[in-house]
Asker: 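The structure that follows is given in the form of structure tokens.
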Protein chains: 2
Amino acid sequence: MAYATIRDVAQRAGVSVSTVSRALNDSGRISPATRQRINQVIHDLHYVPDSRARSMHSAHSRTIGLLIPDIRNSYFADLAYLIQGQLLNHGFQTLICTSTQGDPGEDRAQVRNLLGQHIDGAIIVPGPRSSHTLEELTRRGLPLVCVDRAAEGAAGRDGRAIPCVDADPEPGLRQALEDLHAQGHRRITLVPGPLKESATFRERLDVYRNLLAGIEGMDDPLADQVEPGTFDPDMIDLWARQGISGVLFGSSLDAIRAIKTAQSRAISIGEDLSMITFDDLPVFRILTPAVSTISQQIDTMGTRCVDMLLALMAGSPVRSVRLQTSYRHCASVGRPPAHTGQDP
Amino acid sequence: MAYATIRDVAQRAGVSVSTVSRALNDSGRISPATRQRINQVIHDLHYVPDSRARSMHSAHSRTIGLLIPDIRNSYFADLAYLIQGQLLNHGFQTLICTSTQGDPGEDRAQVRNLLGQHIDGAIIVPGPRSSHTLEELTRRGLPLVCVDRAAEGAAGRDGRAIPCVDADPEPGLRQALEDLHAQGHRRITLVPGPLKESATFRERLDVYRNLLAGIEGMDDPLADQVEPGTFDPDMIDLWARQGISGVLFGSSLDAIRAIKTAQSRAISIGEDLSMITFDDLPVFRILTPAVSTISQQIDTMGTRCVDMLLALMAGSPVRSVRLQTSYRHCASVGRPPAHTGQDP
DNA sequence: TTGAAAGCGCTAACAC
DNA sequence: GTGTTAGCGCTTTCAA
């Protein structure tokens, strides 16, 4: 009762279903009068074509799967918003699957859902354990693009790598270190984020180390002790004991926790301790002091990955893209306090 | 070639499609041997049943539509996350449609999409112009629940109102006003948010006025001048001229813009100007000073609306629910500066 | 316990 | 221009 079908429309318009179908798809020749009559009936009956039945013929569903770790993270929310909007402009529906990380079983369930819908392609933020998930998709020759992080240990069909759009941490990190150096900091450190989780954090750490090694007189006394885990508030005391005056965060979550801790211990950011973090979230601009960030060009990321997916679906060859990161100085980076900043 | 079909499975297992179907659905009796063989083939072929074809028979698609204004707003992101997670636990897929507000044409397109998928129900954050959209859904007798705001001027089937779960601003506002009063504030005002947009903001304003009228010696000199629009930075000067020492924000977006403005004008929140805002976003806790909020119990909101939808789909009668708001005092509310706070 | 056949709503040849 | 027919991948009678 709820839904009118194409047959109802045909009957009421006094034509056959194929004529209605033609009217629906602007295919074949139809007399203006018939078309007019059909449109009227469609309107009267509030008829909406069943896209499931429709897509069963056309070999494509005009549906794209989007797998992101956690929509509550505003970084991914932005990405999802951009991607869904842009795909919609191209006539594709986006199936957003969030909370794919963590539970590997849930991960599988989500992918089965997507496969069951016969999606035309997928955009994925791969996690540390998603290689199996990715295979499940590439096995079917499904056009696939990774965003934000490259897929580890998974190749696309024909053994070709899955195209990816992510950010090169080098430029942003370089500028950040230069700023710290210019302000007079000599002993600094990096909290990379959950190292075990992702190659992203690993890469940030590696690049950081290389850059630091090239800077005369600047040093990370904790470089060899980096623990693959998240930020621990007690680290703040450790930094103080080591005479560290500047900290970089590879994960914005850690940065926010550090800010809270600093506040509760009356440590003044920008004076007692300078800090910089990855991810240019709006929060960081309204904090006092505003936090210096290394920005990822998230808008471009969203745009490019959609472009790449569309190209892939069109059969064009697609190459991975690395976007530049850039540094934005804010008041969270100041001069080091008098008693630190130089070798003891 | 990408997808194996039920026929492929049947062929390879040496049985008929109906037998495979039965194995898939645990319906009918099947010999253990046959089932075993079928499962093996399913595994080998990486067979995933086509849920589109499947749902065309079963009269339900196990898919729920979720329409929210903007996923980038962390309030709605939280809501979406909660809802999708909970629906998944009940075996439903969630189609998240974001950015439905604003463009009414896009709104319609989204709904047609959902209708085309033959969703089993929908959860909606209705906007000011969504009554037409809602009708499109209710007309088909689709189970519907509104969240966060009540639907204006739209009734469900049988003319019954669409069940809704939202928050009663009264308790939170009352506590907020009491706090301001206790701190010594006597002249305050409310920036309700985009009044034209939603009855939510209208209600907050009305309740505020009523409460204020009942408080001895506290006054809003601007009560009659409230403009239906968003926050204008120049209002800060106006407040100063009027001797206003405390401000409430009906919209967290306005609050954030006000904080930025205050910072740029060296106005100290909590000293020169006390402020309180609706929506208990994480941001407000890490700002300095932390911002006093009126919280909406968003978790409960997400849980309840899913429960309500499931009940509706099961045919049970469902009543709208109003959750309580509550006030959380933070340092953004302090004593008024000496030269304000009392009648001149 | 299993298979054959009809049909879900739609599209796409192929006739007329 | 329009109707007829045969499927798409699946479930579901009804027989066997």
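Owing to the predicted nature of the structure, the values given are computational and were not obtained by experimental measurement. What you see below is based on every heavy atom in this structure, not just the backbone, and it leaves out hydrogens, waters and symmetry mates. Order of the sequence lines fixes the chain letters, A, B, ..., with proteins taken first and strands second; residue numbering starts at 1 for each chain.
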Asker: With no hydrogens and no angle check, just 3.5 Å: does a side-chain donor-acceptor pair link A/S21 and A/S18?
Answerer: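 Result is no, nothing qualifies.
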
Asker: Can you check the B/H60 NE2 to C/dG9 P distance for me, whole Å?
Answerer: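 Those two atoms, NE2 and P, are 15 Å apart.
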
Asker: Reading DNA chain D from 5' onward, which residue's closest nucleotide shows up sooner: A/A53 or A/R35?
Answerer: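 This one resolves to A/R35.
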
Asker: Whole angstroms only, please: what is the CD1-P distance between A/I42 and C/dG9?
Answerer: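 Computing the A/I42:CD1 to C/dG9:P distance gives 16 Å.
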
Asker: For nucleotides 3-7 of chain C, give me every protein contact, N/O to N/O, under 3.5 Å, one pair per line with atom names.
Answerer:
{"from": "C/dG3", "atom 1": "OP2", "to": "B/S16", "atom 2": "N", "distance (Å)": "2.8"}
{"from": "C/dG3", "atom 1": "OP2", "to": "B/S16", "atom 2": "OG", "distance (Å)": "3.1"}
{"from": "C/dG3", "atom 1": "OP2", "to": "B/T19", "atom 2": "OG1", "distance (Å)": "2.6"}
{"from": "C/dG3", "atom 1": "N7", "to": "B/S18", "atom 2": "OG", "distance (Å)": "3.3"}
{"from": "C/dG3", "atom 1": "N7", "to": "B/R22", "atom 2": "NH2", "distance (Å)": "2.9"}
{"from": "C/dG3", "atom 1": "O6", "to": "B/R22", "atom 2": "NH1", "distance (Å)": "3.2"}
{"from": "C/dA4", "atom 1": "N6", "to": "B/S18", "atom 2": "OG", "distance (Å)": "3.3"}
{"from": "C/dG7", "atom 1": "N2", "to": "B/H57", "atom 2": "ND1", "distance (Å)": "3.2"}
{"from": "C/dG7", "atom 1": "N2", "to": "B/H57", "atom 2": "NE2", "distance (Å)": "2.6"}

Asker: For a quick test of reading the model: is some side-chain N or O of B/Y3 closer than 4.0 Å to OP1 or OP2 of D/dC10?
Answerer: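 So the side chain of B/Y3 is outside the cut-off, no N or O lying under 4.0 Å from OP1 or OP2 of D/dC10.
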
Asker: Taking CG from A/L24 and P from C/dC10, how many angstroms apart are they, rounded to a whole number?
Answerer: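 To the nearest whole Å, that distance equals 8 Å.
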
Asker: I need the CD1-P distance between B/I38 and C/dT1, as an integer number of Å.
Answerer: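 Distance check: B/I38 CD1 to C/dT1 P gives 13 Å.
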
Asker: Over all strands shown, is A/T34 touching base, sugar-phosphate only, or nothing at heavy-atom distances under 4.0 angstrom?
Answerer: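 Sugar-phosphate contact only.
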
Asker: Once you round it to whole Å, what is the distance between C1' of C/dT11 and CE of B/M56?
Answerer: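 Spelled out: CE on B/M56 to C1' on C/dT11 is 12 Å.
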
Asker: For A/R54 and A/N25, test the side chains for any donor-to-acceptor distance below 3.5 angstrom and give the result as yes or no.
Answerer: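 A/R54 vs A/N25: donor-acceptor pair found between side chains.
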
Asker: So which nucleotide from D/dG9, D/dT12, C/dC10 ends up closest to the side chain of B/I6?
Answerer: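 The listed nucleotide nearest to B/I6's side chain is D/dG9.
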
Asker: Taking atom types as modelled, find out whether B/T19 and B/S16 have a side-chain donor-acceptor pair closer than 3.5 angstrom.
Answerer: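 Note: B/T19 and B/S16 side chains meet the donor-acceptor criterion.
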
Asker: Check whether any side-chain nitrogen or oxygen of A/S31 sits under 4.0 Å from OP1 or OP2 of D/dT2, and answer yes or no.
Answerer: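 Yes, A/S31 has a side-chain N/O under 4.0 Å of OP1/OP2 on D/dT2.
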
Asker: When you measure from the side-chain N and O atoms of A/T5 to the phosphate of C/dG9, is any distance below 4.0 Å, counting only OP1 and OP2?
Answerer: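 For C/dG9, neither OP1 nor OP2 has a side-chain N or O of A/T5 closer than 4.0 Å.
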
Asker: In whole angstrom, what separates A/D50's CG from D/dC10's P?
Answerer: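 It is 16 Å, rounded to the nearest whole Å.
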
Asker: Using distance alone, with no hydrogens and no angle criterion, decide if A/Y75 and A/D148 have a side-chain donor and acceptor under 3.5 Å apart.
Answerer: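 The criterion, which ignores hydrogens and geometry beyond distance, is satisfied for A/D148 and A/Y75.
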
Asker: Measure from CG on A/L115 to P on D/dC10 and round the result to the nearest Å.
Answerer: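 Those two atoms, CG and P, are 13 Å apart.
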
Asker: Side chains of B/S55 and B/R62: donor-acceptor distance under 3.5 Å anywhere?
Answerer: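 There is no such pair between these side chains.
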
Asker: Roughly, in whole Å, what's the span from CZ in A/R29 to P in D/dT2?
Answerer: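 To the nearest whole Å, that distance equals 12 Å.
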
Asker: Do you see a donor-acceptor pair shorter than 3.5 Å between the side chains of B/S31 and B/T34?
Answerer: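 Checked: B/S31/B/T34 side chains pair up, N/O donor to acceptor below 3.5 Å.
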
Asker: Judged by modelled atom types alone, do B/Q117 and B/N113 share a side-chain donor-acceptor pair under 3.5 Å?
Answerer: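 No pair is found: no donor N or O on one side chain lies under 3.5 Å from an acceptor on the other.
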
